[in-house]
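These notes are about the structure you will find just below.
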Protein chains: 2
Amino acid sequence: MMQAKPKGNVDDTDISPRDLAARAAWLSFVGGLTQDQIAQELGISRQRAQRLVARASSEGLIRVRIEHPIAECLELERALKARFGLTSAWVSPGLGAGVDPLQGLAPFVAPVLERLFSSDEPKVFALGTGRTLKTVVDQLRAVDGSRHKLVSLIGNVAPDSSASFYEVIMRFAEKIQARHYPMSVPVAARDDVELNLYRSLPHVAASRELAKSADLAIVGIGQMGDDAPLYVDGFLTADELTALRASGGVGEICGHIFDAEGRYLDHPVNDRMVGVRVPEGDMPVYCIGAGASKLAALSAALRGGLIDGLFTDEWTAKALISQ
Amino acid sequence: MMQAKPKGNVDDTDISPRDLAARAAWLSFVGGLTQDQIAQELGISRQRAQRLVARASSEGLIRVRIEHPIAECLELERALKARFGLTSAWVSPGLGAGVDPLQGLAPFVAPVLERLFSSDEPKVFALGTGRTLKTVVDQLRAVDGSRHKLVSLIGNVAPDSSASFYEVIMRFAEKIQARHYPMSVPVAARDDVELNLYRSLPHVAASRELAKSADLAIVGIGQMGDDAPLYVDGFLTADELTALRASGGVGEICGHIFDAEGRYLDHPVNDRMVGVRVPEGDMPVYCIGAGASKLAALSAALRGGLIDGLFTDEWTAKALISQ
DNA sequence: CCATGAAATGAGCAAATGCTCAGATCGTAA
DNA sequence: TTACGATCTGAGCATTTGCTCATTTCATGG
């Protein structure tokens with residue numbers, strides 16, 4: 001499927017090296033040993049110890065969390081809920097200007113999702129896609145959620161027929177060992193005939209039904225700037241993007257484009273999405289997103305009541321509250 | 001109750017300083033910023049940034065966990081279960097010779113207990129006391145376990161009438177917001193009359209009944225060397241300690257002393273404990289303990305089938321398996 | 001068998017970190 | 001107001017850490 005590079009960080013069946021890295025990291029972080037001491041303890045060179053610890057961090061073997069809720073963030077959560085009628089809000093501390101907001105948001109979101117997934121009661125979670133969700137799932141700890149079901153809200157085949165795209169649901173399913181129902185058709189149909197064809201496929205119809213009756217939807221949010229994900233990934237042509245913006249499009253959730261008031265556009269592009277449009281029924285929708293580029297989209301989604309819960313960072317929360 | 005020192009690390013209503021520490025730690029650990037950058041971001045001196053991060057770690061605002069199960073530890077867990085007929089075993093990676101085993105064991109045990117406490121089904125947990133359990137509870141994250149009940153297996157009043165001792169159940173209860181039932185009487189009665197008196201007190205009888213019907217017991221284990229906890233804390237005189245050792249006593253759980261085969265001694269000291277002796281009925285008993293000093297006691301408890309689950313560290317596990 | 005390239009290793013060095021000490025700041029009491 | 005004590009703060013320095021580069025090791029293919 002992919003390149004044959006032996007560098008792949010997927011979990012292959014290595015026995016020793018990763019173990020050793022974990023051990024070095026344990027000695028360093030938990031034991032507070034210096035690299036020299038680690039080297040001695042493990043019978044390796046100080047240099048190697050250093051590399052093992054670095055590797056453990058970069059491969060995500062280390063998970064750090066701050067136990068103390070920062071008052072300012074709690075206040076922002078309260079304000080977001082009050083201002084936009086959300087049922088839930090989570091605000092991560094910011095990491096300063098130069099840093100990708102996801103770097104802070106993802107490790108903050110992951111534990112919350114773990115809590116959701118560790119509910120004893122079997123639930124159906126409907127998932128979107130995108131870089132945000134992918135980054136979050138990478139941070140997710142392996143918890144046993146085998147009683148739950150995961151279903152995709154959106155097709156998983158890109159216009160160039162590649163299926164890899166941002167495969168989020170598989171990764172989620174691996175982490176929590178849940179049954180999963182991807183929507184194995186193109187994200188968008190090219191015309192109404194195709195749309196009806198896709199939707200009439202039994203496995204698609206089943207996934208759509210399951211998604212519509214899910215207990216909770218977890219989605220990202222896309223912006224409509226020049227580097228809109230829909231455009232970059234080839235779902236829209238440059239002309240279409242321009243046209244949609246002219247029609248007022250400022251953001252999208254699961255490929256469904258909406259205007260600044262959070263109303264979905266009445267536009268052919270929107271009508272040909274094979275997946276499910278949220279909100280659907282009384283299923284709560286939790287959205288994960290932060291950063292200046294997503295501000296307009298988030299603001300619109302909030303204004304239109306498209307979402308019920310929001311994960312974001314401090315900077316974005318402040319910006320949203322001050323309009 | 002305690003000294004009036006304003007240094008107490010109990011959660012007082014500070015607003016800013018701890019928040020700032022948490023924020024600095026977040027920037028450092030999650031954001032990977034250098035102290036200089038943190039200082040700039042927070043508008044403070046590099047020095048202060050350094051101190052804030054250090055403080056955050058020392059105050060336990062930071063929680064680090066290793067995501068990767070180390071093969072060698074898994075193997076030891078398997079071996080422990082097979083060898084001693086345990087239903088569960090957890091082995092933490094060792095931290096090298098010079099370090100208190102608890103420093104590694106406690107952060108390892110805490111997440112496992114969190115999982116136990118996050119079960120949706122209401123349960124009754126029976127708890128022992130001691131330094132081990134206290135260190136573990138300090139590492140525990142605040143999870144909502146308000147549906148559970150916590151009950152003490154042992155009295156909470158020391159011979160000198162001080163109640164503070166190792167107050168574990170309160171700390172657990174605070175962390176998980178569970179109803180708790182301490183056993184508010186002396187640990188040991190001075191004679192049979194007193195024993196019967198204590199046990200006939202309604203709240204003691206109720207606690208004992210609840211403890212006996214608990215879903216799970218979580219206990220530490222004590223050794224009977226010259227610095228036996230029972231002796232150090234004043235529950236035994238030096239003479240008694242010597243006598244008990246002469247009678248074969250090598251360890252104790254909740255103050256009940258047993259011999260090298262894990263059989264409880266038939267001795268007056270043992271008969272005057274007000275609390276509950278484990279195992280009791282079919283309630284599983286999980287024991288937390290590691291270190292050379294506890295080896296004999298652990299070995300005996302395992303041999304006698306006193307415990308069903310064991311939390312220990314690598315070194316101790318190896319020693320136990322090789323007899 | 002050797003040639004080749006990629007990854008692992010160790011040395012050296014610059015940056016970052018943690019610690020100590022002296023001075024500053026603040027609150028309290030005379 | 002001034003003196004006092006305790007904490008907070010910043011500078012300097014020793015230690016620790018992370019990075020780069022040259023070398024070695026290992027695996028693969030000629």
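We name chains A, B, ... by the order of the sequence lines, and we start the count at 1 in each one.
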>> Donor-acceptor check, side chain of A:R63 to backbone of A:Q139, threshold 3.5 angstrom: yes or no?
In response: yes
> Can a salt bridge be assigned to the pair B:E114 and B:K175 using a cut-off of 4.0 Å between side-chain N and carboxylate O?
Replying inline: no
> Between B:Q103 and A:V30, is any pair of side-chain heavy atoms under 4.5 Å apart?
Replying inline: no
Restricting both atoms to N or O, compile the protein contacts to nucleotides 20-25 of chain D shorter than 3.5 Å, with distance only.
| residue | atom | partner | partner atom | Å |
| --- | --- | --- | --- | --- |
| D:dT20 | O4 | A:R51 | NH2 | 3.4 |

>> Determine whether a donor-acceptor pair (N or O, by modelled atom type, separation under 3.5 Å) exists between the side chain of A:S45 and the backbone of A:R48.
In response: yes
>> Given 3.5 Å as the limit, does a donor-acceptor pair link the side chain of B:Q177 with the main chain of B:G145, or not?
In response: no
> Rounded to whole angstrom units, what separation is found between the CG atom of B:L20 and the P atom of D:dC8?
Replying inline: 13 Å
>> Could you check whether any side-chain N or O of A:W26 sits under 3.5 Å from a backbone N or O of B:P93, counting only pairs where one atom can act as donor and the other as acceptor?
In response: yes
>> Tell me the interatomic distance from B:L52, atom CG, to C:dG18, atom P, rounded to whole angstroms.
In response: 12 Å
> Is the backbone of A:T312 close enough, under 3.5 Å, to the side chain of A:T316 for a donor and an acceptor to pair up by distance?
Replying inline: no
> Has the side chain of A:D233 got a donor or acceptor atom that lies under 3.5 Å from a matching backbone atom of A:F235?
Replying inline: no
>> Tell me the interatomic distance from B:Q50, atom CD, to C:dT20, atom P, rounded to whole angstroms.
In response: 11 Å
>> Using a 6.0 Å cut-off, check whether atom CZ of A:R83 has over 12 heavy atoms from anything other than its own residue.
In response: yes
I'd like a table of atom pairs between the protein and nucleotides 13-15 of chain C - only N or O on both sides, under 3.5 Å - with the distance next to each one.
none

> Does any residue of residues 25-45 of chain A have a heavy atom under 4.0 Å from DNA chain D, and if so, which ones, in number order?
Replying inline: A:T34, A:Q35
>> Assess whether a salt bridge exists between A:R23 and B:E72, defined as any Lys/Arg side-chain N lying under 4.0 Å from an Asp/Glu carboxylate O.
In response: yes
